[in-house]
Trainee: 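Below you will find the structure I want to go over with you.
Naming: A, B, ... by sequence-line order, numbering from 1 per chain.
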Amino acid sequence: MPDKDETPFERLWADNDTERALSEPALVVDVDGFEGPLDLLLHLARNQKVDLARISVLALAEQYLVFVERARHFRLELAADYLVMAAWLAYLKSKLLIPRQPGDEEATGEELAAVLQFRLQRLEAMRDAAARLVNRNRLGRDVFARGMPEAVIVEKRNEYSASLYDLLTAYASQRQRQAITNVTIAKRGVWSLKEARAILMRLVGQMRDWTALDSFLLDYLATPEERVTAIASSFAASLELVREGHLEMRQEQAFASLYMRSKPKPSGIKLMEATGD
Amino acid sequence: MIEGGPAAVVPFMKEDDESTENDGNPAERLHLSEAMRMAEALVFASAEPVTEKALAARLPDGIDVPRAMAELQRFYEKRGVNLVRVADAWAFRTAGDLAFLMSRDAVQQKKLSRAALEVLAIIAYHQPVTRAEMEDIRGVETSKGTLDLLMETGWVRMRGRRRVPGRPVTYGTTESFLDHFGLAEVRDLPGMEELKGAGLLSTRMPSNFSMPQPPADPDELTEDEDPLSDIDLEELGLLTPRVEE
Amino acid sequence: MIEGGPAAVVPFMKEDDESTENDGNPAERLHLSEAMRMAEALVFASAEPVTEKALAARLPDGIDVPRAMAELQRFYEKRGVNLVRVADAWAFRTAGDLAFLMSRDAVQQKKLSRAALEVLAIIAYHQPVTRAEMEDIRGVETSKGTLDLLMETGWVRMRGRRRVPGRPVTYGTTESFLDHFGLAEVRDLPGMEELKGAGLLSTRMPSNFSMPQPPADPDELTEDEDPLSDIDLEELGLLTPRVEE
């Protein structure tokens, strides 16, 4: 191995030209290699070979969904983050494809697509920034300090030194030592209320308009065996979030889609709609 | 006072002779020269950057420290060792163009993971930044060890709390981050101005951010798009099943 | 090649112009200047004096190392830092007449012990806190020496006495604690979720684990605290004039 201390991933990143993936057809996209769904999306977006500002978000959403479908077909385990993104993209796709209904309060597909584009551009910008940063002349690698320092200039009057990090590490580790941990981690298979809550918050947290997310959520996040527990937990979690004032829900009729949105700041009026009956 | 040849190797004196600057008073110049020698010695003796405050405390009274340092810096500009500014402190560092010579002896540094670097860049460009904002930018939770590791390197620190409900802790970079990456200040981060101008350092989508033109028929591909075929997907490796280890 | 004013700060070039020495060939001089820059950087960065042999191995071929070093030495002669010869090796040293500057900095900074850090952190988070309470939290007794040391740092102070039998002294942090650790207020210390998020605290803490929120105003006595009276201070030995060591 020529570059033994370089993971395939670092190499992948090191030459982050947009050509890479297409010129190397053998490249296997491995979810483990990605830093989350946005990273995967960025990778797919680069394959469109256009400026991120001119990208087709619809095509991108479709590619991503195909990817997730494939992964599921091969029974690869995808982290919840990827599935949350899939649910959101499926929703975005439907918004892009279905013409806006009169009186529709929801954000348009185009608005949602713009948000996604912004996030991709911002992530890419940070990527590039990281690369430029790490390639600068660095102290201890390219430039050096005096090898035989003759004095330490003490500026603080205090003769004791300690950093906030030292302090926090000391506190956390000793409190941890004291708290006897005999807690075992529950096996997955059942959606805990906490998990469902976290997922819901991620998905709906940013949505200010009524959004029917439940179906997307279930399609992408739950395997058939998990469906029941997923429904139960996310429903219970959503009720809890409503009670705490984070979320509002609405249902047109029994068994119809559940609409959710994050609660607007002044509350009251909208709650009326949430009753359904 | 000193003429001809030898003066060339005593540049403070040299400048004295040639100086056309405002304060040509020889006594004053001598005073400044001596202060510069002292500053040079102090900074040279320390491996860590020395703050202007610490220098001021040790130099004769009435010395314009920033000016003396700026002059010293100019003097060392073309040498094998440069005087560099790190925030409000000064340090001598080997010249960047000699990296080829120096790195031969460099101890291999531990590499930061890609995730850690990305988080570092986000903290540097967006500081003060909360964990939730980092997560929003990267679209993924920052794994537990990453911030810990960055704080351990001494490049990242907790800065305080954002004065908003929930008072989340904010993160920023340290002076040793600047020192390590050869930056005088955060503003000097590569591309900082452009990124700011492009609205990409905002945690929220800026209102002037261009909205994509909604295509007349979203199903119709634009002229620079090709339809996605199964072959494409295969090429992208998206159809290749992951090999189980 | 370089004329007039700016040349004053580029002494190698300067010398080039004025050199009356034997080998005035400009190309050769440039070559030598570059070699001198390299030697300067190498000696500066080295942890020990550098032999001429080691220098010769790194400098371009054909360089007259002794001559280059002699010239460098002459260059640094009048500066705050001198290039000195140690046996057959070269090193930079503070100019002898400036040694007085260095001796002032002989104070050695000491690191706080692990135990002291722990106690300090507990005082910060749990203030007002008594010694017995510290023991509860840490599971080990806190020695008087540790508390004395912390008081000596100026980061910890006695706040008052708890209104319980025995009237134990309560401890808290000071303004200079905040200063030193770069906190605007005690409440800026990160909470449990943030310690977890930063990877400092395990995410699998038992459900009954909790961390206190430090008080908004650490100077205000809580309702179960009495202020320290003069009699208390005397009893604690704090009014006795401190004997100078």
Trainee: Just by distance, with hydrogens left out, do Tyr125(C) and Gln213(C) show a side-chain donor and acceptor under 3.5 Å apart?
Mentor: no
Trainee: Could you grab the distance from atom NZ of Lys196(C) to atom CE of Met192(C), nearest 0.5 Å is fine?
Mentor: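 Lys196(C) NZ to Met192(C) CE: 4.5 Å, rounded to 0.5 Å.
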Trainee: For Leu98(C), is it the side chain, the backbone, both or neither that has a heavy atom under 4.5 Å from a heavy atom of chain B?
Mentor: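 Side chain of Leu98(C) only, per the 4.5 Å heavy-atom cut-off to chain B.
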Trainee: Answer with side chain, backbone, both or neither: which region of Phe92(B) has an atom nearer than 4.5 Å to a non-hydrogen atom of chain C?
Mentor: both
Trainee: Would you kindly say whether Thr173(C) and Gln127(C) are connected by a side-chain donor-acceptor distance under 3.5 Å?
Mentor: yes
Trainee: Looking at Ala39(B), Ala41(B), Gly160(B), which makes the most heavy-atom pairs under 4.5 Å with chain C?
Mentor: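 Most heavy-atom pairs within the cutoff with chain C belong to Ala41(B).
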Trainee: Could you give me the CA-CA distance, side-chain angles and deciding distance for Arg161(B) and Glu194(C), then say whether side chain to side chain contact (heavy atoms under 4.5 Å, CB included) is met?
Mentor: CA-CA 11 Å; Arg161(B) 288 177 185 269; Glu194(C) 280 136 349; 3.4 Å; yes
Trainee: Tell me, for Ala198(C) versus chain B, whether the close heavy atoms (under 4.5 Å) come from the side chain, the backbone, both or neither.
Mentor: both
Trainee: Does atom CD of Glu185(B) have more than 12 heavy-atom neighbours from other groups under 6.0 Å away?
Mentor: yes
Trainee: Using non-hydrogen atoms and a 4.5 Å limit, figure out which bit of Leu201(C) sits close to chain B: side chain, backbone, both or neither.
Mentor: neither
Trainee: Heavy-atom cut-off 4.5 Å, strictly under: side chain, backbone, both or neither for Ser46(C) against chain B?
Mentor: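 Contact with chain B: none, neither part.
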Trainee: Which of parallel (below 30°), tilted (30 to 60°) and perpendicular (above 60°) describes Tyr76(C) and Tyr76(B)?
Mentor: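 Aromatic pair Tyr76(C)/Tyr76(B) classed tilted.
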Trainee: Which atoms of Met158(B) come close to chain C, meaning under 4.5 Å heavy atom to heavy atom: side chain ones, backbone ones, both, or neither?
Mentor: side chain
Trainee: Between the side chains of Glu135(B) and Arg131(B), is the shortest nitrogen-to-carboxylate-oxygen separation below 4.0 Å, so that they form an ion pair?
Mentor: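 Glu135(B) and Arg131(B): not salt-bridged.
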Trainee: For Arg163(B), is it the side chain, the backbone, both, or neither that has a heavy atom closer than 4.5 Å to a heavy atom of chain C?
Mentor: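 The side chain, not the backbone.
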Trainee: Between Arg93(C) and chain B, with a heavy-atom cut-off of 4.5 Å, which part of the residue counts as in contact: side chain, backbone, both or neither?
Mentor: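 For Arg93(C), there is no contact with chain B at all, as no heavy atom is under 4.5 Å.
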Trainee: By a 4.5 Å heavy-atom criterion (distance strictly below it), what part of Asp97(C) contacts chain B: side chain, backbone, both, or neither?
Mentor: side chain
Trainee: Which heavy-atom pair separates Ile123(B) from Val129(B) by the least distance, and what is that distance?
Mentor: CA-CG1, 3.8 Å
Trainee: Considering only heavy atoms and a distance below 4.5 Å, find which of Thr94(C), Asp188(C), Val81(C) pairs most often with chain B.
Mentor: Asp188(C)
